[in-house]
Amino acid sequence: MTALRVHLPLLVILLVAAAASPPVTLRQAADRAGVLVGAAVRPSLFSEAAYSETLAREYNMVEPEDVMKWWVVRRDSKFDFREGDEVVRFAQAHGMKVRGHCLVWDHANPAWLTEGGFTPGQLSHLLEEHITTVMKHYAGQVFAWDVVNEALDEGGRPKDSLWYNQPGIGLAEKGTAYVERAFRWAHQADPHALLFYNEAEGEGLNRKSDAIYAMVKDFRQRGVPIDGVGLQLHISRLDLDTAAIGANIARLTALGVQVHISELDVALPLDPSTGQVRKDDLLRQADVYRGVVRACRQNPGCTAIQTWGFTDKYSWIGSHSRGTRGAALPFDRAYKPKPAYDAMLEELTGRPSKEP
Ligand code: XIL
(Lines give C-alpha, C1' and ligand atoms only; values in the text may rest on other atoms or scores of the structure.)
Protein backbone atom coordinates (compact mmCIF):
# COMPACT_ATOMS: atom_id res chain seq x y z
CA MET A 1 0.00 0.00 0.00
CA THR A 2 2.81 2.40 1.02
CA ALA A 3 4.76 1.53 -2.11
CA LEU A 4 1.68 2.20 -4.19
CA ARG A 5 1.13 5.58 -2.54
CA VAL A 6 4.74 6.59 -3.09
CA HIS A 7 4.71 5.64 -6.77
CA LEU A 8 1.21 6.73 -7.67
CA PRO A 9 2.09 10.25 -8.90
CA LEU A 10 4.91 8.84 -10.98
CA LEU A 11 2.58 6.26 -12.42
CA VAL A 12 0.03 8.93 -13.33
CA ILE A 13 2.72 11.01 -15.04
CA LEU A 14 3.90 7.99 -17.01
CA LEU A 15 0.37 7.06 -18.07
CA VAL A 16 -0.46 10.59 -19.16
CA ALA A 17 2.81 10.82 -21.08
CA ALA A 18 2.13 7.50 -22.80
CA ALA A 19 -1.36 8.57 -23.80
CA ALA A 20 -0.15 11.91 -25.11
CA SER A 21 2.88 10.67 -27.06
CA PRO A 22 2.16 10.14 -30.75
CA PRO A 23 1.83 6.54 -31.91
CA VAL A 24 4.96 5.35 -33.63
CA THR A 25 3.60 2.35 -35.51
CA LEU A 26 0.55 1.79 -37.68
CA ARG A 27 -0.63 -0.77 -35.16
CA GLN A 28 -0.46 1.65 -32.23
CA ALA A 29 -2.24 4.32 -34.22
CA ALA A 30 -4.92 1.89 -35.37
CA ASP A 31 -5.44 0.49 -31.87
CA ARG A 32 -5.93 4.01 -30.57
CA ALA A 33 -8.29 4.90 -33.40
CA GLY A 34 -10.26 1.69 -32.86
CA VAL A 35 -9.74 0.50 -36.42
CA LEU A 36 -8.07 -2.58 -37.88
CA VAL A 37 -4.93 -2.26 -39.96
CA GLY A 38 -4.00 -5.42 -41.79
CA ALA A 39 -1.86 -7.05 -44.43
CA ALA A 40 -2.19 -10.08 -46.67
CA VAL A 41 0.43 -12.65 -45.68
CA ARG A 42 2.24 -15.76 -46.89
CA PRO A 43 3.06 -18.17 -44.05
CA SER A 44 6.09 -19.51 -45.96
CA LEU A 45 7.73 -16.15 -45.12
CA PHE A 46 7.15 -16.19 -41.35
CA SER A 47 10.63 -17.69 -40.92
CA GLU A 48 12.18 -14.47 -42.31
CA ALA A 49 12.82 -12.40 -39.19
CA ALA A 50 12.31 -8.98 -40.79
CA TYR A 51 9.01 -10.15 -42.30
CA SER A 52 7.59 -11.46 -39.02
CA GLU A 53 8.90 -8.61 -36.91
CA THR A 54 7.54 -5.91 -39.19
CA LEU A 55 4.20 -7.65 -39.45
CA ALA A 56 3.74 -8.12 -35.71
CA ARG A 57 4.93 -4.59 -34.93
CA GLU A 58 2.85 -2.72 -37.51
CA TYR A 59 -0.43 -4.64 -37.94
CA ASN A 60 -3.29 -5.86 -35.77
CA MET A 61 -4.84 -8.02 -38.48
CA VAL A 62 -3.67 -10.50 -41.11
CA GLU A 63 -5.33 -12.20 -44.04
CA PRO A 64 -3.92 -15.18 -45.92
CA GLU A 65 -3.00 -13.98 -49.41
CA ASP A 66 -3.57 -17.44 -50.89
CA VAL A 67 -3.55 -20.23 -48.32
CA MET A 68 -7.26 -20.28 -47.50
CA LYS A 69 -8.27 -20.41 -51.18
CA TRP A 70 -9.64 -23.60 -52.75
CA TRP A 71 -6.40 -24.38 -54.62
CA VAL A 72 -4.51 -24.67 -51.31
CA VAL A 73 -7.19 -25.97 -48.92
CA ARG A 74 -8.47 -28.45 -51.54
CA ARG A 75 -5.31 -29.15 -53.55
CA ASP A 76 -6.81 -32.58 -53.92
CA SER A 77 -10.39 -33.08 -52.89
CA LYS A 78 -9.49 -33.66 -49.21
CA PHE A 79 -9.29 -30.70 -46.83
CA ASP A 80 -5.81 -29.49 -45.90
CA PHE A 81 -5.71 -26.71 -43.32
CA ARG A 82 -2.01 -26.78 -42.50
CA GLU A 83 -0.97 -23.52 -44.13
CA GLY A 84 -4.07 -21.63 -43.03
CA ASP A 85 -3.49 -22.86 -39.51
CA GLU A 86 -0.01 -21.36 -39.59
CA VAL A 87 -1.53 -17.94 -40.27
CA VAL A 88 -3.92 -18.38 -37.36
CA ARG A 89 -1.10 -19.46 -35.04
CA PHE A 90 1.01 -16.44 -36.01
CA ALA A 91 -1.92 -14.12 -35.43
CA GLN A 92 -2.74 -15.63 -32.05
CA ALA A 93 0.89 -15.46 -30.92
CA HIS A 94 0.90 -11.73 -31.69
CA GLY A 95 -2.62 -10.77 -30.64
CA MET A 96 -3.85 -10.11 -34.18
CA LYS A 97 -7.18 -10.78 -35.85
CA VAL A 98 -7.53 -13.06 -38.88
CA ARG A 99 -9.65 -12.12 -41.86
CA GLY A 100 -10.54 -15.14 -44.03
CA HIS A 101 -10.28 -15.12 -47.85
CA CYS A 102 -12.12 -16.52 -49.79
CA LEU A 103 -14.81 -19.22 -50.10
CA VAL A 104 -16.44 -18.63 -53.50
CA TRP A 105 -14.39 -17.32 -56.43
CA ASP A 106 -13.98 -18.24 -60.06
CA HIS A 107 -10.17 -18.12 -59.70
CA ALA A 108 -7.73 -20.11 -57.60
CA ASN A 109 -9.71 -23.31 -57.93
CA PRO A 110 -8.04 -26.71 -58.38
CA ALA A 111 -8.30 -28.50 -61.74
CA TRP A 112 -10.09 -31.50 -60.24
CA LEU A 113 -12.93 -29.06 -59.44
CA THR A 114 -13.01 -26.90 -62.57
CA GLU A 115 -12.47 -29.78 -64.98
CA GLY A 116 -14.34 -32.44 -63.06
CA GLY A 117 -17.47 -32.30 -65.21
CA PHE A 118 -19.68 -31.90 -62.13
CA THR A 119 -23.43 -31.33 -62.46
CA PRO A 120 -25.07 -28.29 -60.79
CA GLY A 121 -26.39 -30.60 -58.07
CA GLN A 122 -22.92 -31.98 -57.35
CA LEU A 123 -21.35 -28.49 -57.41
CA SER A 124 -23.98 -27.21 -55.02
CA HIS A 125 -23.16 -30.04 -52.65
CA LEU A 126 -19.41 -29.47 -53.00
CA LEU A 127 -19.74 -25.75 -52.31
CA GLU A 128 -21.99 -26.19 -49.29
CA GLU A 129 -19.60 -28.79 -47.89
CA HIS A 130 -16.60 -26.51 -48.54
CA ILE A 131 -18.09 -23.42 -46.90
CA THR A 132 -19.35 -25.44 -43.94
CA THR A 133 -16.15 -27.40 -43.32
CA VAL A 134 -13.76 -24.47 -43.72
CA MET A 135 -15.82 -22.06 -41.61
CA LYS A 136 -16.40 -24.60 -38.85
CA HIS A 137 -12.67 -25.41 -38.79
CA TYR A 138 -11.86 -21.71 -38.27
CA ALA A 139 -14.85 -20.76 -36.12
CA GLY A 140 -13.72 -18.51 -33.27
CA GLN A 141 -10.36 -17.97 -35.01
CA VAL A 142 -11.34 -16.14 -38.19
CA PHE A 143 -13.56 -13.21 -37.28
CA ALA A 144 -14.64 -12.23 -40.82
CA TRP A 145 -14.80 -13.99 -44.18
CA ASP A 146 -14.86 -12.92 -47.78
CA VAL A 147 -17.66 -15.34 -48.56
CA VAL A 148 -17.94 -14.39 -52.23
CA ASN A 149 -15.19 -12.70 -54.21
CA GLU A 150 -15.54 -10.80 -57.51
CA ALA A 151 -18.93 -12.09 -58.69
CA LEU A 152 -19.80 -9.09 -60.89
CA ASP A 153 -18.51 -7.80 -64.22
CA GLU A 154 -17.88 -4.18 -65.18
CA GLY A 155 -21.50 -3.71 -66.21
CA GLY A 156 -22.68 -4.93 -62.82
CA ARG A 157 -23.99 -8.26 -64.12
CA PRO A 158 -23.06 -11.59 -62.54
CA LYS A 159 -19.89 -12.88 -64.22
CA ASP A 160 -20.00 -16.13 -66.15
CA SER A 161 -18.37 -18.62 -63.80
CA LEU A 162 -18.19 -22.14 -62.48
CA TRP A 163 -20.44 -21.21 -59.58
CA TYR A 164 -22.93 -19.01 -61.45
CA ASN A 165 -23.72 -20.57 -64.80
CA GLN A 166 -20.86 -22.75 -66.05
CA PRO A 167 -22.67 -24.87 -65.03
CA GLY A 168 -23.39 -23.18 -61.68
CA ILE A 169 -24.89 -24.53 -58.48
CA GLY A 170 -28.42 -24.73 -59.88
CA LEU A 171 -29.21 -20.99 -59.88
CA ALA A 172 -27.86 -20.07 -63.32
CA GLU A 173 -29.33 -16.89 -64.83
CA LYS A 174 -30.99 -16.05 -61.51
CA GLY A 175 -28.88 -12.98 -60.82
CA THR A 176 -27.35 -12.87 -57.36
CA ALA A 177 -29.31 -15.89 -56.07
CA TYR A 178 -26.17 -18.04 -55.95
CA VAL A 179 -24.37 -15.34 -53.95
CA GLU A 180 -27.29 -15.30 -51.53
CA ARG A 181 -27.17 -19.09 -51.21
CA ALA A 182 -23.47 -18.92 -50.30
CA PHE A 183 -24.11 -16.29 -47.61
CA ARG A 184 -26.91 -18.39 -46.10
CA TRP A 185 -24.66 -21.47 -45.94
CA ALA A 186 -21.89 -19.35 -44.41
CA HIS A 187 -24.15 -17.97 -41.70
CA GLN A 188 -25.29 -21.47 -40.79
CA ALA A 189 -21.71 -22.70 -40.59
CA ASP A 190 -20.49 -19.93 -38.25
CA PRO A 191 -23.21 -17.57 -37.03
CA HIS A 192 -20.61 -15.40 -35.26
CA ALA A 193 -18.37 -14.65 -38.24
CA LEU A 194 -18.82 -11.39 -40.12
CA LEU A 195 -19.73 -12.16 -43.72
CA PHE A 196 -18.32 -9.97 -46.50
CA TYR A 197 -18.83 -9.57 -50.22
CA ASN A 198 -15.43 -8.60 -51.67
CA GLU A 199 -15.01 -6.91 -55.03
CA ALA A 200 -12.46 -5.30 -57.37
CA GLU A 201 -12.95 -2.02 -59.21
CA GLY A 202 -16.24 -1.30 -57.50
CA GLU A 203 -14.77 1.15 -55.03
CA GLY A 204 -15.76 4.48 -56.56
CA LEU A 205 -19.07 5.26 -58.24
CA ASN A 206 -19.65 3.15 -61.34
CA ARG A 207 -21.94 0.45 -62.69
CA LYS A 208 -20.26 -2.27 -60.69
CA SER A 209 -20.46 -0.40 -57.40
CA ASP A 210 -24.10 0.48 -58.18
CA ALA A 211 -24.77 -3.24 -58.60
CA ILE A 212 -23.00 -4.09 -55.33
CA TYR A 213 -25.05 -1.42 -53.60
CA ALA A 214 -28.30 -2.78 -55.09
CA MET A 215 -27.40 -6.34 -54.09
CA VAL A 216 -26.51 -5.42 -50.51
CA LYS A 217 -29.67 -3.33 -50.20
CA ASP A 218 -31.78 -6.23 -51.44
CA PHE A 219 -30.01 -8.70 -49.12
CA ARG A 220 -30.46 -6.43 -46.10
CA GLN A 221 -34.16 -5.87 -46.88
CA ARG A 222 -34.80 -9.59 -47.17
CA GLY A 223 -32.70 -10.63 -44.19
CA VAL A 224 -29.94 -12.35 -46.15
CA PRO A 225 -27.01 -12.46 -43.70
CA ILE A 226 -24.40 -10.01 -44.99
CA ASP A 227 -22.30 -7.85 -42.68
CA GLY A 228 -19.91 -6.06 -44.94
CA VAL A 229 -18.39 -5.15 -48.25
CA GLY A 230 -14.68 -5.42 -48.99
CA LEU A 231 -13.35 -2.81 -51.40
CA GLN A 232 -10.17 -4.28 -52.84
CA LEU A 233 -8.51 -1.09 -54.13
CA HIS A 234 -5.77 -2.49 -56.32
CA ILE A 235 -4.88 0.88 -57.76
CA SER A 236 -2.75 1.59 -60.77
CA ARG A 237 -3.57 5.25 -61.43
CA LEU A 238 -2.27 8.08 -59.36
CA ASP A 239 -5.19 10.44 -60.02
CA LEU A 240 -7.63 8.42 -57.92
CA ASP A 241 -11.02 9.99 -57.20
CA THR A 242 -11.08 9.51 -53.44
CA ALA A 243 -14.24 11.62 -53.08
CA ALA A 244 -16.12 8.97 -55.08
CA ILE A 245 -14.71 6.27 -52.82
CA GLY A 246 -15.88 8.24 -49.78
CA ALA A 247 -19.35 8.58 -51.32
CA ASN A 248 -19.50 4.85 -52.03
CA ILE A 249 -18.42 4.01 -48.48
CA ALA A 250 -21.11 6.37 -47.18
CA ARG A 251 -23.93 4.80 -49.17
CA LEU A 252 -22.88 1.25 -48.26
CA THR A 253 -22.54 1.92 -44.55
CA ALA A 254 -25.93 3.67 -44.62
CA LEU A 255 -27.36 0.22 -45.39
CA GLY A 256 -26.01 -0.97 -42.03
CA VAL A 257 -23.03 -2.93 -43.31
CA GLN A 258 -19.36 -2.36 -42.55
CA VAL A 259 -16.78 -1.56 -45.20
CA HIS A 260 -13.26 -2.96 -45.17
CA ILE A 261 -10.53 -1.64 -47.44
CA SER A 262 -9.43 -5.18 -48.20
CA GLU A 263 -6.54 -5.33 -50.71
CA LEU A 264 -5.03 -1.88 -51.06
CA ASP A 265 -1.91 -1.46 -53.15
CA VAL A 266 -0.80 1.29 -55.53
CA ALA A 267 1.30 -0.10 -58.39
CA LEU A 268 3.90 2.27 -59.87
CA PRO A 269 5.35 2.10 -63.38
CA LEU A 270 8.91 0.74 -63.48
CA ASP A 271 11.55 2.21 -65.74
CA PRO A 272 12.09 -0.56 -68.34
CA SER A 273 15.87 -0.17 -68.36
CA THR A 274 16.58 0.25 -64.65
CA GLY A 275 13.54 -1.39 -63.08
CA GLN A 276 13.35 1.61 -60.72
CA VAL A 277 10.39 3.86 -59.86
CA ARG A 278 10.48 7.63 -60.15
CA LYS A 279 11.04 9.44 -56.87
CA ASP A 280 8.10 11.80 -57.33
CA ASP A 281 5.85 8.80 -58.03
CA LEU A 282 6.55 7.64 -54.47
CA LEU A 283 5.17 10.95 -53.22
CA ARG A 284 2.14 10.76 -55.49
CA GLN A 285 1.64 7.19 -54.29
CA ALA A 286 1.70 8.45 -50.70
CA ASP A 287 -1.06 10.91 -51.58
CA VAL A 288 -3.20 8.05 -52.90
CA TYR A 289 -2.64 6.08 -49.69
CA ARG A 290 -3.47 9.21 -47.70
CA GLY A 291 -6.69 9.75 -49.64
CA VAL A 292 -7.87 6.17 -49.23
CA VAL A 293 -7.14 6.02 -45.51
CA ARG A 294 -8.82 9.38 -45.04
CA ALA A 295 -11.93 8.29 -46.97
CA CYS A 296 -12.16 5.27 -44.66
CA ARG A 297 -11.45 7.17 -41.44
CA GLN A 298 -14.11 9.75 -42.25
CA ASN A 299 -16.77 7.07 -41.90
CA PRO A 300 -17.15 5.10 -38.63
CA GLY A 301 -18.60 2.18 -40.61
CA CYS A 302 -15.27 1.72 -42.41
CA THR A 303 -13.60 -0.51 -39.84
CA ALA A 304 -10.48 -1.96 -41.48
CA ILE A 305 -7.69 -0.87 -43.78
CA GLN A 306 -5.65 -3.66 -45.26
CA THR A 307 -2.88 -3.74 -47.84
CA TRP A 308 -2.18 -6.67 -50.18
CA GLY A 309 1.14 -7.60 -48.62
CA PHE A 310 3.22 -4.94 -46.90
CA THR A 311 6.76 -5.07 -48.31
CA ASP A 312 7.71 -4.47 -51.96
CA LYS A 313 9.95 -7.52 -51.57
CA TYR A 314 6.85 -9.73 -51.80
CA SER A 315 3.96 -8.43 -53.85
CA TRP A 316 1.72 -10.00 -56.47
CA ILE A 317 2.03 -6.84 -58.63
CA GLY A 318 5.35 -7.89 -60.18
CA SER A 319 4.04 -11.08 -61.78
CA HIS A 320 0.54 -9.68 -62.31
CA SER A 321 1.93 -6.77 -64.40
CA ARG A 322 4.59 -8.97 -66.05
CA GLY A 323 7.34 -6.91 -64.50
CA THR A 324 6.13 -3.52 -65.74
CA ARG A 325 4.89 -2.25 -62.38
CA GLY A 326 5.91 -2.56 -58.76
CA ALA A 327 6.75 -0.81 -55.50
CA ALA A 328 3.05 -0.87 -54.60
CA LEU A 329 3.23 -1.29 -50.82
CA PRO A 330 4.07 0.86 -47.75
CA PHE A 331 7.46 -0.77 -47.01
CA ASP A 332 10.31 -1.03 -49.51
CA ARG A 333 12.23 -4.22 -50.30
CA ALA A 334 14.47 -3.66 -47.26
CA TYR A 335 11.44 -3.19 -44.97
CA LYS A 336 12.08 0.54 -44.75
CA PRO A 337 8.89 2.62 -44.43
CA LYS A 338 8.10 4.61 -47.61
CA PRO A 339 6.25 7.93 -47.91
CA ALA A 340 3.09 5.82 -48.29
CA TYR A 341 3.69 4.46 -44.80
CA ASP A 342 4.12 7.95 -43.35
CA ALA A 343 0.89 9.02 -45.02
CA MET A 344 -1.00 6.05 -43.55
CA LEU A 345 0.42 6.71 -40.10
CA GLU A 346 -0.48 10.40 -40.22
CA GLU A 347 -4.03 9.70 -41.32
CA LEU A 348 -4.53 6.99 -38.71
CA THR A 349 -3.15 9.27 -36.04
CA GLY A 350 -5.34 12.11 -37.19
CA ARG A 351 -2.47 14.56 -37.29
CA PRO A 352 -3.15 17.60 -39.45
CA SER A 353 -1.63 17.00 -42.84
CA LYS A 354 -1.75 18.33 -46.36
CA GLU A 355 -4.71 17.68 -48.64
CA PRO A 356 -4.38 14.58 -50.86
C1 XIL B 1 -3.72 -12.93 -55.78
C2 XIL B 1 -2.49 -13.29 -54.98
O3 XIL B 1 -1.90 -12.11 -54.49
C4 XIL B 1 -1.51 -14.06 -55.81
O5 XIL B 1 -0.48 -14.58 -54.98
C6 XIL B 1 -2.19 -15.20 -56.54
O7 XIL B 1 -1.29 -15.78 -57.43
C8 XIL B 1 -3.41 -14.73 -57.28
O9 XIL B 1 -4.28 -14.05 -56.39
N10 XIL B 1 -8.02 -10.16 -55.94
C11 XIL B 1 -8.11 -11.06 -54.90
C12 XIL B 1 -6.92 -11.76 -54.42
O13 XIL B 1 -9.19 -11.17 -54.29
O14 XIL B 1 -7.20 -13.04 -53.93
C15 XIL B 1 -5.85 -11.84 -55.48
O16 XIL B 1 -4.68 -12.39 -54.90
C17 XIL B 1 -5.60 -10.48 -56.10
C18 XIL B 1 -6.85 -9.95 -56.74
Side-chain angles (χ1 to χ4, degrees), residues 38-46 48 51 55 59 61-75 83-84 86-87 98-111 113-114 130-131 134 138 142 144-154 158-159 161-164 179 182-183 186 194-204 208-209 212 226 228-237 245 259-268 292 304-331 333:
V41 297
R42 304 177 187 170
S44 57
L45 301 172
F46 289 159
E48 187 178 323
Y51 186 92
L55 194 55
Y59 298 93
M61 177 173 82
V62 285
E63 172 167 317
E65 181 170 352
D66 285 306
V67 302
M68 287 188 192
K69 292 173 180 168
W70 271 80
W71 66 8
V72 177
V73 176
R74 310 292 298 279
R75 208 165 266 127
E83 291 177 74
E86 275 186 64
V87 175
V98 182
R99 201 178 178 285
H101 174 82
C102 53
L103 299 165
V104 185
W105 194 23
D106 60 327
H107 286 271
N109 292 316
L113 175 71
T114 54
H130 181 81
I131 291 175
V134 175
Y138 288 115
V142 167
W145 275 100
D146 286 332
V147 179
V148 179
N149 195 31
E150 300 180 2
L152 302 171
D153 69 17
E154 258 125 78
K159 256 195 236 169
S161 75
L162 175 73
W163 303 118
Y164 175 48
V179 176
F183 274 84
L194 295 175
L195 307 182
F196 277 72
Y197 176 76
N198 194 51
E199 187 56 92
E201 289 159 9
E203 26 266 344
K208 197 190 270 190
S209 68
I212 298 170
I226 183 166
V229 173
L231 304 179
Q232 290 187 8
L233 282 156
H234 291 292
I235 298 167
S236 54
R237 39 190 310 172
I245 295 172
V259 167
H260 284 177
I261 305 299
S262 58
E263 306 188 9
L264 177 62
D265 54 18
V266 181
L268 297 180
V292 171
I305 299 157
Q306 177 170 257
T307 52
W308 205 239
F310 58 99
T311 165
D312 291 336
K313 190 172 181 185
Y314 305 112
S315 158
W316 78 304
I317 292 297
S319 60
H320 182 64
S321 70
R322 296 199 180 82
T324 61
R325 293 180 160 267
L329 291 164
F331 290 88
R333 290 174 164 270

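Every number for a ligand or one of its atoms is a count from 1 in the order of the listing. Note that the structure is a prediction, hence the values are computed from the model and not measured.
Side chain of Y51 to main chain of V41: no donor-acceptor pair is present (N/O by atom type, distance under 3.5 Å, no hydrogens or angles). The backbone N or O of A200 lies less than 3.5 Å from a partner atom in the side chain of K208, making a donor-acceptor pair. Between the side chain of W163 and the backbone N or O of W105 there is at least one donor-acceptor pair closer than 3.5 Å.
If you number the atoms of ligand 1 from 1 as listed, the ones under 4.0 Å from a heavy atom of H101 come out as 11 (C), 12 (C), 13 (O), 14 (O). The distance from ligand 1 to the heavy atoms of K69 drops below 4.0 Å at these ligand atoms: 1 (C), 2 (C), 9 (O), 12 (C), 14 (O), 15 (C), 16 (O).
When only interatomic distances are considered, the shortest N/O to N/O separation between R42 and ligand 1 does not fall below 3.5 Å. Geometrically, ligand 1 and D66 share a nitrogen or oxygen pair separated by less than 3.5 Å. For the pair W105 and ligand 1, the shortest N or O to N or O distance does not fall below 3.5 Å. Looking at E150 next to ligand 1, an N or O pair under 3.5 Å apart turns up.
Within the 4.0 Å heavy-atom criterion, the part of N149 lying near ligand 1 is the side chain and not the backbone. With a heavy-atom cut-off of 4.0 Å, H320 does not touch ligand 1 at all.
Going from atom CG of L152 over to atom OG of S209 covers 10.5 Å, rounded to the nearest 0.5 Å. Rounding to the nearest 0.5 Å gives a distance of 7.5 Å between NE2 of H234 and NE2 of H320.
I245 is listed as a side-chain neighbour of L233, based on a closest heavy-atom distance under 4.5 Å. L103 places a side-chain heavy atom less than 4.5 Å from the side chain of H130.
Comparing heavy-atom distances from atom 7 (O) of ligand 1 across W71, W308, W316 singles out W71 as nearest.
Regarding atom 2 (C) of ligand 1, its nearest protein heavy-atom neighbour is E65 OE2, 3.4 Å. The nearest protein atom to atom 11 (C) of ligand 1, hydrogens excluded, is given as E263 OE1, 3.0 Å; this is a heavy-atom distance.
Within a 6.0 Å sphere centred on CD of E201, heavy atoms belonging to other residues, nucleotides or ligands number 12 at most.
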